[in-house]
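I have placed the structure first, in the form of structure tokens, so that the comments after it can refer back to it.
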Amino acid sequence: MDESNYLLRARREKLRALEERGLQPYAYRYERSHRSDKARATFEAAESADELGEEGTTEPVRVAGRLLSWRSHGKTAFAHIEDGGGRIQLYFRRNDLGEEPYALLELLDLGDWVGVEGPLFRTRTGEVTVRVAGWQLLSKALRPLPFGKEEVDPETGERVVHSGFSDPQARFRQRYADLAVHPEVREVFRLRSRMVSEIRRFLDARDYLEVETPVLQPIYGGAAARPFTTHHNALDMQLYLRIADELYLKRLIVGGFERVYEIGRDFRNEGIDRSHNPEFTMLEFYEAFADYRDMMQLVEELLSEVARRTTGSEVVRFDGEEIDFTPPFARVGFVEALEEATGVRVLELDDAELRARTEAAVGESMKGLPRGRLLDKLFGAVVEPGLVQPTFVVDYPVELSPLAKLHRDNPRLTERFELFVAGREIANAFSELNDPLDQRQRFEAQVEARQEGDDESHPLDEDYLRAMEYGMPPTGGVGIGIDRLAMLLADRPSIRDVILFPTLRPEEGSAG
RNA sequence: GAGCCGGUAGCUCAGCUGGUAGAGCAACGGACUUUUAAUCCGUAGGUCCUGGGUUCGAUCCCCAGCCGGCUCACCA
């Protein structure tokens, strides 16, 4: 297969030829003087200061990068390399390089890493270019990258890519190749990284303490989801990969840290689609003495600031819509929104009526689901898709929120909000339940729901209850899905577009 | 999970209700001392996803399976 491939063979032969001529095809280092963008800026500065040499050149620079294109014209050749600063053109001349170094260029391939040295000049067509006086191979590529050909539309100035690397599965599986040939993909992940840095900066500036809590947990909790299970050999016990950070972070509030946050990986053993990956990144933050209204304000500030500092604007384009993160965000009651959408007093419906209405709205059987889950499904079907601009949905029914405090004005509701943007849930938050007796009852109700067939209900966590019994101050807590936020800010339609190595079936059988 | 679409050269794709495959780019050989989708001449490159079936003959038609994408539903 690969070993007999003529493309790979040709490159291995070149590798041998290089070695025979005494060239080291895998260098140890290269002393670079400029990144490509800095080199260009240096030339332009010298040019505008009228400090170019007689031939319109600068002092020699040393740049290095991956070979992207090659246009040979006999005794000259043009090429582009790409480095962390972008692309820069190289101009090779036999008269400049000498017979042997010029002849050796024929052993280069697209994808090779090279370092070059030479003065900068501007070509006839106006492009700042290195006039190569010497070059060095830094790493030989033995496998061709799936480069497309590019041209710049002279009318619009847009970059048009011809053919290229577009098979989604191959791009995710070989993300290294995807990144290597798609600068715009690299930019998505730079944006994601900036976003996370801005979140840390925002919370750190408000005296939040970043902490790390267990990923391997003897009892999972903090969300309604099925966990991954694993086994610890020495302890001979079953462990779960966490589905949420929540219960451990609140233990830290009990311990006296007033403001804590964690940005970490959660794992849920559920389906994969364009908004779900089995492992995903969650931000959770908890603040003592705050309630959910305080947290709503904090979330508004956080998101507007993070949007502005990572994209340059509080108004973000997503899927053709303009999403405006300028505070304050819209607020609607869970029950009010549901009643407005259905025209019924949903809390007055008995179980059978509620089930029938939900089944009609969702279009599938809701057999065995408890009231809370029915309300949630109904809400998902009739309200969520309409929530395009950032909207806080507040005050959820108590059945849905086993970790949230009862609403101070209505005991059937809890002090909880979820933030929806572009029809998706981005954040989930409560006035955290800090009454250990109430918490025990809520857990017991969940256990009952589990016995009735709800396999996503919360298990009872005695240690967490013990922590509550030591006393937890009033606390506001928020969870924000980092991947989904990255999708919004980067305007990417699939969670796989913002996860470097999304979960895939292993590469076997007919795949690849 | 359901529906729709797809799997052909390294990459992107053509391939006519059936006669054992083509293009562009990439590769290889050659020409070319300011090009930029460079250009020009030539060469090579294939488990047509897998397994059955129909047929004289299947990339093409039928069945089953595997894999992927999109839409819908759901867990963040």
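So that the names make sense, note that chain A is the first sequence line, chain B the second, and so on, each numbered from 1.
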Can you check the A:Glu55 CD to B:rU34 P distance for me, whole Å? 15 Å
Could you work out the separation of B:rA23 and B:rA14 based on their P atoms and round it to a whole Å? 16 Å
Using a cut-off of strictly less than 4.0 Å, decide whether A:Arg71 has a side-chain nitrogen or oxygen near OP1 or OP2 of B:rU39. no
For a quick check, tell me whether the side chain of A:Ser166 and the base of B:rU12 share a donor-acceptor pair closer than 3.5 Å. no
Base, sugar-phosphate alone, or nothing: which one does A:Asn95 contact when heavy atoms must sit under 4.0 Å apart? base
No-H, no-angle donor-acceptor pair, A:Arg93 side chain to B:rU33 base, under 3.5 Å: yes
Of B:rA73, B:rU33, B:rA76, the nucleotide closest to the side chain of A:Arg268 is B:rA76
Classify the nucleic acid contact of A:Asp167 as base, sugar-phosphate or nothing, counting any heavy atom under 4.0 Å across all strands shown. sugar-phosphate
Under 4.0 Å between a side-chain N or O of A:Lys14 and OP1 or OP2 of B:rC28? yes
Under 5.5 Å and under 30°: A:Tyr6 stacked on B:rA44: no
Using whole Å, what does the distance between atom P of nucleotide B:rA76 and atom OH of A:Tyr396 come to? 10 Å
Sugar-phosphate only, base, or nothing, as touched by A:Ala224 at under 4.0 Å among non-hydrogen atoms: sugar-phosphate
How is A:Asp376 classified with respect to the nucleic acid when contacts are heavy atoms under 4.0 Å: base, sugar-phosphate, or nothing? sugar-phosphate
Which part of the nucleic acid, if any, lies within reach of A:Ser72 when heavy atoms closer than 4.0 Å are counted: base, sugar-phosphate only, or nothing? base
For A:Glu262 and A:Thr213, does a side-chain donor sit closer than 3.5 Å to a side-chain acceptor? yes
Scan A:Glu425 against the nucleic acid and name what it touches under 4.0 Å (heavy atoms): base, sugar-phosphate only, or nothing. sugar-phosphate
